[in-house]
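One structure is given below, encoded as structure tokens.
What you see below is based on every heavy atom in this structure, not just the backbone, and it leaves out hydrogens, waters and symmetry mates. Here the structure is a predicted model, which means the values were calculated and not measured.
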Amino acid sequence: MAVLVIADHDGSAVRDTTHKTVTAALALSSDVDVLVLGKDAKGVADAAAKISGVRKVLLAEGDAVAHGLAEAVEATVLPLAGSYDAILAPATTDGKNFAPRLAAKLDVAPISDIVEVVSADTFIRPIYAGNALETIQSADAKKVITVRPTAFAAAAEGGSAPVESVAAGEAPKTAFVSEEMVKSDRPELGAAKIVVSGGRALGSAEEFHAVMDPLADKLGAAVGASRAAVDAGYAPNDYQVGQTGKVVAPALYIAIGISGAIQHLAGMKDSKVIVAINKDADAPIFQVADYGWVADYKTAVPELMAALG
Ligand code: FAD
């Protein structure tokens with residue numbers, strides 16, 4: 001069985017979501033190749049070649065594949081698909097965008113967001129906002145799978161796979177127009193070791209940033225938010241943690257003024273240590289918290305800041 005992993009990268013380095021997807025791929029087969037698509041992406045391919053267990057890196061370079069357009073990914077991957085029994089990508093925004101398209105073009109059912117590989121045709125994935133785990137068995141000869149990165153350990157460095165060029169596909173009907181990147185000195189939410197998240201309790205955008213930003217800076221943390229806080233305009237969209245936001249599993253997650261609705265828990269309950277500050281002792285967040293602090297955040301957060309020194 002041969003497996004192709006489509007790499008997730010930022011243009012200069014492979015993200016650790018790729019290493020985690022390689023781990024899932026290695027649970028399927030020892031013949032794992034990685035495909036890097038991008039413009040001037042040789043450095044990324046060289047980095048991917050160092051991931052332990054990778055047999056070969058395929059590099060598709062060109063303007064057409066510079067921005068992860070699903071149509072260009074499809075046009076690049078379909079000619080290669082005949083050599084592979086499974087195609088894996090991390091369940092990131094990009095992976096969720098191109099994997100269903102690839103599956104449709106290959107006439108197979110996409111297998112999304114797996115958290116465990118049981119065997120070559122059987123996988124486990126969360127459903128109902130993470131409240132149940134579904135075991136699915138696929139009879140498709142070729143499998144297109146997205147992998148929930150937080151569920152897999154990152155494959156180690158230490159490989160020295162060869163890098164081979166392949167043709168980059170064109171996307172004749174779509175064109176990249178522009179992108180707006182959020183610039184931040186803080187770690188990326190999905191990869192941060194510590195996340196501090198604020199909820200509706202913060203009451204305004206000014207209060208949200210006045211409370212959350214200094215705490216995040218003190219801890220070297222990323223800032224997250226509940227959907228209620230995002231919908232109310234207290235925090236930007238890309239801060240949202242949960243079923244319809246980002247799924248995070250940091251070493252430490254601090255939830256401030258967040259009730260703990262199941263849709264929020266779906267995005268953070270696999271965090272290693274969960275701390276909750278909430279003035280309602282019956283808030284559901286305390287059911288998943290390792291440390292619960294029943295208090296008004298207005299007194300608790302300054303106390304926490306003082307204790308951190
Ligand atoms: P609330 O539920 O209003 O909770 C505020 C909490 O703050 C309360 O527990 C209160 O006791 C506490 N509080 C108030 N004042 C203070 C104070 N001074 N000090 C300390 N604590 C205080 N939500 C997400 O977060 N992410 C998602 O991805 C998501 N996806 C969804 C998808 C669907 C289809 C649906 C239907 C809902 C989704 N939601 C999601 C919304 C979710 O159901 C909740 O409405 C939301 O998470 C609530 O946000 P919250 O906890 O900030 O607000």
Beyond-backbone contact of [X] with [Y], side-chain heavy atoms, under 4.5 angstrom:
X	Y	result
Val22	Val54	yes
Asp296	Ile277	no
Val57	Glu164	no
Asp46	Val163	yes
Lys298	Glu207	yes
Tyr253	Val196	no
Val301	Met305	yes
Val115	Pro126	yes

Under 3.5 Å, is there a donor-acceptor pair between the [X] and [Y] side chains?
X	Y	value
Ser204	Tyr234	no
Tyr128	Gln243	no
Tyr84	Asp33	yes
Glu303	Thr299	no
His19	Glu157	yes
Arg125	Ser112	yes
Thr18	Asp16	no

Has the side chain of [X] got a donor or acceptor atom that lies under 3.5 Å from a matching backbone atom of [Y]?
X	Y	result
Thr76	Gly169	yes
Ser271	Ile274	no
Lys246	Asp238	yes
Asp94	Asp8	no
Thr122	Val118	no
Lys142	Ala81	yes

So His67 and Phe176, would you call those rings parallel, tilted or perpendicular, with 30° and 60° as cut-offs?
-> parallel
Any residue meeting ring-ring contact (aromatic ring centres under 6.0 Å, His included) with Tyr291, in chain and number order, not counting sequence neighbours = none
Mind running salt bridge (charged side-chain N to carboxylate O under 4.0 Å, His left out) on Lys39 and Asp63 for me, showing each step along the way?
-> CA-CA 6 Å; Lys39 192 179 176 186; Asp63 287 334; 3.2 Å; yes
Gap between atom [atom2] of [Y] and atom [atom1] of [X] - 0.5 Å precision:
X	Y	atom1	atom2	answer
Asp121	Asp140	CG	CG	10.5 Å
Glu71	Phe98	CD	CZ	12.0 Å
Leu69	Lys173	CG	NZ	14.5 Å

Decide whether [X] and [Y] are clustered together by the hydrophobic rule: side chain heavy atoms of Ile, Leu, Val, Met, Phe, Trp, Tyr closer than 4.5 Å, transitively.
X	Y	answer
Leu80	Val44	no
Val273	Ile254	yes
Leu202	Val241	no
Val117	Val34	yes

Which is it for Asp217 and Arg186 under the salt bridge (charged side-chain N to carboxylate O under 4.0 Å, His left out) test, yes or no, and what are the steps along the way?
-> CA-CA 8 Å; Asp217 290 341; Arg186 297 206 184 92; 2.8 Å; yes
Salt-bridge test for Lys143 and Asp85: reply yes if a basic N is under 4.0 Å from a carboxylate O, no otherwise.
-> no
Only one of Thr17, Asp270, Thr21, Asp113 passes side chain to side chain donor-acceptor pair (under 3.5 Å) with Arg148, and that residue is Asp113
